[in-house]
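We use all heavy atoms of the structure for the numbers below, so side chains are in, but hydrogens, waters and symmetry mates are not. Below, read A as the first sequence line, B as the second, and so on, with proteins coming before strands; counting in each chain starts at 1.
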Amino acid sequence: MDNSLKSLIEDYLRESCQELKKVGIFSKHLPPVFVNRPKKKERGDLSTNLPFSLSQEVGKSTSRIGRLLTSYLEGKSLFSRVEFVPPGFINFFISSAYFNEVLKKIVTQKEKFTKFSYGGGRRIQVEFVSVNPTGPLHVGHGRATAFGDSLANILSKVGYEVEKEYYVNDIGGQIERLSRSVWARLQQLEGKEISFPEDGYQGEYLIDIAKEARIKMGDELSEAGKTEDELISLLGEFTVKEILRQIKTDLDEFGVRFDRWFFESSLNKEIPKVISFMKDRGYVYEKDGALWFKTSSFLPGKKDRVLRRRTGEYTYFASDIAYHAHKFGRGLDQVIDIWGADHIGYVPRMKAAVQALGYSKEALKIIIYQLVTLKRGEKRVSASTRAGKFIPLREVLEEVGKDAARFFFLSRTCDSHLDFDLELAKKQTPENPVFYVQYAHARVCSILKKAKGEGIKLKDLDEVRFDLLASPEEKELMKELALLPDEVKEAAENLEPHRLTTYLMGLAALFHQFYTRHRVISEDQGLTSARLFLIKAVKIALKDTLNLLGITAPQKM
RNA sequence: GCGCCUGUAGCUCAGGAGGAUAGAGCAGCGGUUUCCUAAACCGCGUGUCGCGGGUUCGAGUCCUGCCAGGCGCGCCA
């Protein structure tokens with residue numbers, strides 16, 4: 001619905017810049033026009049520093065430009081007041097009429113209030129989690145999971161056609177190690193002496209899987225005529241399937257559902273094709289019996305990378321290139337990969353590969369999230385899947401719940417390290433910010449329920465006296481609501497879901513403040529009606545935003 | 001050694017296309033409930049925005065050097 005208040009004002013500002021031409025002030029390049037929220041209320045609902053940037057561009061006085069712009073804007077009914085403030089700010093005070101319109105829009109458009117068309121239906125893929133099927137999801141993966149899922153929701157909200165994908169590395173060295181590890185566990189269960197593979201996965205979950213395997217595939221495993229290697233390979237397949245099943249269960253509990261699970265093994269035939277394509281373009285050569293990708297064509301001074309080993313096996317990099325070729329081959333306009341910080345060194349070569357495939361390096365966006373440090377009080381917990389010393393995501397979900405976990409993961413930028421203190425997460429439960437926000441929603445529901453119980457009928461929108469909502473608390477609430485579409489849009493543009501958790505805290509705080517100072521249901525029918533619509537709008541905004549983050553909005557708590 | 005990320009209140013962190021007096025949550029202290037949920041509200045305080053230079057009318061934000069922490073630098077995945 002494109003209900004961006006900031007864009008509306010920015011458009012007015014651009015128009016006004018055209019007006020400036022009439023008095024001989026113009027520039028070829030209009031500087032970027034931005035409207036922001038001032039820190040202080042006295043400075044208006046929104047403000048711009050355009051006079052600064054414009055005066056630099058055209059070489060005229062800041063205050064002259066500011067005053068002229070202000071005079072053009074003053075006539076707009078959107079504003080109750082526009083003021084130029086030296087040295088170069090213009091402050092906008094939004095008219096109550098606009099805020100009243102916003103309430104009507106929210107109540108009628110509901111979750112479509114924050115919908116935008118600017119994605120234009122372009123196809124965008126978010127690939128995330130993609131954890132190797134060698135062990136269960138641990139708490140560190142929770143961050144990527146919450147992030148990717150919310151990002152997908154947000155992008156879809158602003159008009160992209162979004163697809164969520166999980167890439168499964170179901171072949172290769174780590175799967176062999178996994179298979180041998182389960183095999184060893186199985187032998188141990190049989191009471192046989194066998195040395196555990198040195199590079200094996202020691203996690204105890206493999207013992208459970210070995211037990212499962214013994215029950216479910218007993219016959220297959222005891223069949224004569226099969227070599228040990230064949231048996232190990234069969235066992236490996238079973239194990240991967242089982243671990244994937246567990247991962248899916250965990251994701252399900254975390255509220256995440258993927259549109260597609262893409263298996264590395266399905267790329268078998270694609271890899272040679274893709275490599276030969278790149279070879280035709282001059283980016284692949286042979287040396288020392290191996291096949292190399294000319295990373296250096298795109299990254300001067302960097303090492304070239306092996307695609308096919310001397311042994312004839314393809315590297316992980318090769319299948320990753322084939323995978324990305326496959327992605328773009330499906331007609332995606334934009335691909336977003338979400339990787340952990342331990343893959344940082346891999347980014348440049350992947351982007352180089354995308355270019356070698358003939359796509360712009362902008363077509364692939366790689367978001368790196370910093371790793372999660374696990375703590376139990378003072379003690380650091382290592383999060384290595386191989387050693388098996390990880391805290392499963394499932395355990396955290398059981399302790400703090402899906403909503404709190406998601407909120408916690410999403411309240412920080414992915415650029416910053418995340419300290420996840422399990423003790424704190426447990427202890428914090430009642431004071432966790434997520435409850436603050438959810439409580440606001442539950443409170444609204446409770447009032448609406450009471451109103452319904454008292455037989456208060458909601459008036460038609462056109463009859464509601466929104467002008468009665470004149471207290472500071474009500475105005476602040478309306479302003480916050482009016483800016484929600486901009487928040488969603490900015491979260492999408494910057495790929496930063498965490499902006500919405502910040503917004504939610506603010507909106508909930510304003511509601512709680514309003515609640516303690518004003519009664520919604522009162523003798524005054526006109527006021528009651530107006531306030532009921534106000535809180536209804538608050539409810540819609542809270543719920544819609546929580547949904548984007550994958551957090552539930554409870555009716556009561 | 002090189003690359004990327006981080007360093008903001010006691011703690012965990014927002015604020016990064018430069019802007020007007022730097023914020024929130026938690027923790028601490030004190031107060032608020034005949035009334036729609038006190039999981040709430042109100043009040044009280046602290047910051048050399050890691051350190052040093054630079055660009056600018058203006059820097060937490062941009063550039064640069066340094067310090068500290070994290071991650072990564074394989075014919076592993």
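When both pairing distances are held under 3.5 Å, B:G43 makes a Watson-Crick or G-U pair with B:C29. Pairing partner, B:G23: B:C13, with both Watson-Crick or wobble hydrogen-bond distances short of 3.5 Å. Under the Watson-Crick or G-U wobble criterion, with both distances below 3.5 Å, B:G65 is paired with B:C51. Partner assigned to B:G18 is none, using Watson-Crick or G-U wobble distances below 3.5 angstrom. The pairing partner recorded for B:C2 is B:G72, the criterion being a Watson-Crick or G-U wobble arrangement whose two distances lie under 3.5 angstrom.
Taking 4.0 angstrom as the limit, A:Y436 places a side-chain polar atom (N or O) nearer than this to OP1 or OP2 of B:C41. Between A:K39 and B:A20 there is a side-chain polar atom (N or O) within less than 4.0 angstrom of OP1 or OP2. For A:H498 and B:G15, the shortest distance from a side-chain N or O to OP1 or OP2 is below 4.0 Å. OP1 or OP2 of B:A77 lies within a sub-4.0 Å distance of a side-chain N or O belonging to A:R309. Contact annotation: A:R443 reaches the phosphate of B:A38 (side-chain N/O to OP1 or OP2, under 4.0 Å). Note on A:Y316: every side-chain N or O is 4.0 Å or more away from OP1 and OP2 of B:C75.
In this structure, A:Y323 has its ring center under 6.0 Å from that of A:F262. The distance between the ring centers of A:F409 and A:F420 falls below 6.0 angstrom.
Note on A:H441: nothing from the nucleic acid sits closer than 4.0 angstrom, heavy atoms only. Residue contacts shown for A:Y346 include a base, since a base heavy atom lies under 4.0 Å away. Contact annotation for A:S47: base contact, defined as any heavy-atom pair under 4.0 Å involving a base atom. Counting any heavy atom pair closer than 4.0 Å across all strands shown, A:H417 reaches a base atom. When heavy atoms are screened at a 4.0 angstrom cut-off, A:E176 is found touching no nucleic acid atom at all. At the heavy-atom level, A:D170 lies nowhere under 4.0 Å from the strands shown. Across all strands shown, A:D342 has heavy atoms under 4.0 Å from sugar-phosphate atoms exclusively, and none from any base. As judged by a 4.0 angstrom heavy-atom cut-off over every strand, A:D288 is placed among the base-contacting residues. When heavy atoms are screened at a 4.0 angstrom cut-off, A:R499 is found touching no nucleic acid atom at all. Nucleic acid contact class of A:K449 (heavy atoms, under 4.0 Å, all strands): none.
Rounded to a whole angstrom, the distance from the C1' atom of B:C41 to that of B:C62 is 42 Å. For B:U46 and B:A40, the C1' atoms lie 26 Å apart once the distance is rounded to whole Å. Between the C1' atoms of B:A27 and B:U55, the separation comes to 41 Å (whole Å). Spacing of C1' atoms, B:C71 relative to B:G47, comes out at 29 Å, to the nearest Å. On the C1' atoms, B:U21 is 25 Å away from B:G7, given to the nearest whole Å. Using P as the reference atom, B:G53 and B:C44 are 36 Å apart when rounded to the nearest Å. A gap of 14 Å separates the C1' atoms of B:A9 and B:G15, to the nearest Å. The gap from the C1' atom of B:C63 to that of B:C26 amounts to 36 Å, rounded to the nearest Å.
One interatomic measurement links the two molecules: CD1 of A:I366 to P of B:C5, which rounds to 14 Å at whole-angstrom precision. Remark: P of B:C75 and CZ of A:F293 are 15 Å apart, rounded to the nearest angstrom. Rounded to whole angstrom, the span from the CG atom of A:D337 across to the P atom of B:C4 amounts to 20 Å. Rounded to a whole Å, the CZ atom of A:R143 is 14 Å from the P atom of B:C71.
Nearest-nucleotide mapping onto RNA chain B: of A:N169 and A:Q555, the residue sitting toward the 5' end is A:Q555. The 5' end of RNA chain B is approached more closely, in terms of each residue's nearest nucleotide, by A:I368 than by the other of A:S416 and A:I368.
The pair A:D45-A:K479 meets the salt-bridge criterion, since a charged nitrogen lies less than 4.0 angstrom from a carboxylate oxygen. Remark: A:R499 engages A:E490 in a salt bridge, criterion side-chain N to carboxylate O under 4.0 Å. Using a 4.0 Å cut-off between charged side-chain N and carboxylate O, A:E198 and A:R177 make no salt bridge.
Geometrically, A:R309 does not engage A:Y314 in a cation-pi contact, judged by NZ or CZ lying under 6.0 Å from the ring centre and within 45° of the ring axis. Under a cutoff of 6.0 Å and an axis angle of 45°, A:R519 and A:Y515 do not form a cation-pi pair. A:F93 carries A:R81 over the face of its six-membered ring, with the cationic atom under 6.0 Å from the centre and within 45° of the normal.
Of the possible donor and acceptor atoms, one in the side chain of A:T528 sits under 3.5 Å from a partner among the backbone N and O of A:S522. Checking side-chain atoms of A:D337 against main-chain N and O of A:I366 turns up no donor-acceptor pair under 3.5 Å.
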Under 4.0 Å protein heavy-atom contact, by nucleotide of nucleotides 42-48 of chain B - B base, S sugar-phosphate only: S------
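Counting atom types as modelled, A:N36 pairs no side-chain N or O with a base atom of B:A20 as donor and acceptor under 3.5 Å.
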